[in-house]
Amino acid sequence: MSKTLIRGAKVLGGEPQDVLIDGGVIAEVGTGLSAEGVETVVEAEGKVLLPGLVDLHTHLREPGREDSETVLTGTRAAASGGYTNVFAMANTFPVADTAGVVEQVYRLGQEHGYCDVQPIGAVTVGLEGVKLAELGAMHESAAGVTVFSDDGKCVHDAVIMRRALEYVKAFGGVVAQHAQEPRLTEGAQMNEGTVSAELGLGGWPAVAEESVIARDVLLAEHVGSRVHICHLSTAGSVEIIRWAKSRGIDVTAEVTPHHLLLTDEMVRSYNPVYKVNPPLRTEKDVMALREALADGTIDIVATDHAPHPEEDKDCEWAAAAMGMVGLETALSVVQQTMVETGLLSWAGVADRMSVKPAEIGQAHGHGRPVSAGEPANLVLVDADYRGDVDPAGFASRSRNTPYEGRELPGRVTHTWLRGKATLADGKLA
């Protein structure tokens, strides 16, 4: 493998340094490093160098919905967004509830090589919430599954949730819960509040999320296991997580970029691009989520990248699918909402988007320090860039972004996976 010298990058947003990559590993970090024997020199003056991003919540849709996304197109989108590792959710067709399906997804990721793909296994057979899936077999498979989730559906039965928490405890796994009490959200179309009342759309109350989180942190405490809460969206959920952590409960939580920026006011347009699960909430919720991410109550940012074909979004609101693509815009949204507001430094971004998600998902070799001897999983960001989002240029197969035409800061120019450039000068390898 060739040598690469990244010259003058602001490592974690700090002072400019040179970084030498050799053989998939960071060989040296310092100033004035020699370019002798180096095949590729990347002039990175003014740009920010971070460890490659890790997404604990991605929908790659393969197998079964390749019209929305495939492992190839999804990982190309991931590389374009600065990701070197993504965790693929289990709500595929067939569901990733057996060793065979998770191994298929894992091997497709290896074959394509744009980023590492770690499958997430279903908690229950067919996501039906009735019978535990083959958790142990999926963990023992070639995919080495450590994270389990019925995302898209809630594990609503407390007994099943308890059994899942007890089971994964045996091998240090984690259950990632989609917190949505189904009876409280029947017919729900958007956040329950003033806007839903004015628009006449079925309301999705905050308590539907918060009640499940409260139950599950108590279950995790009772059995001494690990629980991760997906896509936190309300101020009340933040307070429950904060309380649980103060008790020493082993809980982690994530927030999506869109819940850090967008509010339910967007739904007044009736544009289904803003229809998402959980729904966009209020400005008060958005501010609470930002503060919680800054103070560490919320551990990570996860995209919940949810691609859909045009026909599933270009329709009336009630008939539209829920979800937004996010891999290619996540870092820009975090820069706008967290860095440019002074809530997080670039080192903080690296922690929330690389280090912590890698730790939670046990993604070995990712989220590592930018220092000699570490795997060269890296992303270079032009933080001074400003530009309007144009989904026509996305690597993802789907275009359902809420940011079309919106100006966002920052642009990923290079991504390296174990020293190999998967993205160079903004172009996929």
Side-chain angles (χ1 to χ4, degrees), residues 53-58 86-87 89 120 123 146-152 154-155 161 164-165 168 173-181 206-221 223 225-261 276-281 284-305 326 330 333-334 337-338 343-344 348-363 367:
L53 307 183
V54 176
D55 188 16
L56 201 66
H57 192 146
T58 302
V86 298
F87 283 73
M89 277 295 175
I120 290 176
V123 177
T146 58
V147 182
F148 300 87
S149 181
D150 278 0
D151 183 65
C154 179
V155 182
M161 187 63 179
L165 289 166
V168 302
V174 61
V175 178
Q177 176 67 294
H178 172 115
Q180 178 191 349
E181 168 50 55
V207 70
E209 174 175 304
E210 295 158 8
S211 59
V212 173
I213 295 173
R215 182 200 74 179
D216 288 352
V217 295
L218 290 172
L219 284 174
E221 181 181 44
V223 303
S225 190
R226 296 171 61 212
V227 66
H228 176 77
I229 307 301
C230 296
H231 42 51
L232 224 66
S233 72
T234 78
S237 295
V238 166
E239 291 309 311
I240 295 166
I241 296 296
R242 189 171 280 132
W243 171 84
K245 288 189 171 187
S246 74
R247 283 173 65 93
I249 298 173
D250 199 353
V251 58
T252 52
E254 71 189 34
V255 64
T256 72
H258 49 269
H259 285 112
L260 292 171
L261 180 59
V276 66
N277 181 350
L280 301 177
R281 304 289 189 180
K284 177 185 175 184
D285 293 310
V286 168
M287 292 301 118
L289 293 169
R290 290 185 187 183
E291 290 169 9
L293 182 63
D295 69 24
T297 300
I298 296 176
D299 300 84
I300 67 170
V301 175
T303 70
D304 194 9
H305 175 80
V333 175
V334 171
T337 58
M338 301 301 295
L343 289 169
L344 277 183
V349 172
D351 180 75
R352 307 305 195 273
M353 297 187 74
S354 181
V355 178
K356 290 280 175 57
E359 289 176 355
I360 294 167
Q362 301 176 51

Nearest 0.5 Å please: distance from the [atom1] atom of [X] over to the [atom2] atom of [Y].
X      : Y      : atom1 : atom2 : value
Thr337 : Leu260 : OG1   : CG    : 4.5 Å
Leu218 : Arg247 : CG    : CZ    : 6.5 Å
Glu181 : Arg215 : CD    : CZ    : 8.0 Å
Ser233 : Gln180 : OG    : CD    : 10.0 Å
Glu254 : Asp304 : CD    : CG    : 7.0 Å
Leu165 : Leu219 : CG    : CG    : 6.5 Å

Taking the side chain as every heavy atom from C-beta outward, state whether [X] and [Y] have any atom pair closer than 4.5 Å.
X      : Y      : result
Leu261 : Arg290 : yes
Asp295 : Arg242 : yes
Val301 : Met338 : no
Ile298 : Leu289 : yes
Ile213 : Leu232 : yes
Val123 : Val175 : yes
Val212 : Cys154 : yes

Option among Leu293, Val238, Val286 that satisfies the side chain to side chain contact (heavy atoms under 4.5 Å, CB included) test with Val255:
Leu293

Among Asp299, Val217, Asp250, whose side chain to side chain contact (heavy atoms under 4.5 Å, CB included) with Lys245 holds?
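That would be Asp299; it is the only one of Asp299, Val217, Asp250 passing the side chain to side chain contact (heavy atoms under 4.5 Å, CB included) with Lys245.
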
Any donor-acceptor N or O pair under 3.5 Å, side chains [X], [Y]:
X      : Y      : answer
Thr234 : Arg281 : no
Thr303 : Asp55  : yes
Thr252 : His228 : yes

Where do [X] and [Y] come nearest, in terms of heavy atoms and distance?
X      : Y      : answer
Ile120 : Ser149 : CG2-N, 3.6 Å
His259 : Pro278 : NE2-O, 3.0 Å
Ala235 : Asp285 : N-OD1, 2.9 Å
Leu56  : Pro357 : CD1-O, 3.9 Å

Going by an N to O cut-off under 4.0 Å, is there a salt bridge joining Glu359 and Lys356?
no

Would you say the side-chain atoms of Ser225 pair up with the backbone N or O of Ala220, donor to acceptor, closer than 3.5 Å?
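No, because the side chain of Ser225 does not come within donor-acceptor range (under 3.5 Å) of the backbone of Ala220.
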
Without swapping roles, check the side chain of Arg226 against the backbone of Ile360 for a donor-acceptor pair under 3.5 Å.
yes

Aromatic plane relationship, His231 with His178 - under 30° parallel, 30 to 60° tilted, over 60° perpendicular
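It falls in the perpendicular class, over 60°.
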
Trace of the side chain to side chain donor-acceptor pair (under 3.5 Å) decision for Ser237 with Glu209
CA-CA 7 Å; Ser237 295; Glu209 174 175 304; 2.6 Å; yes

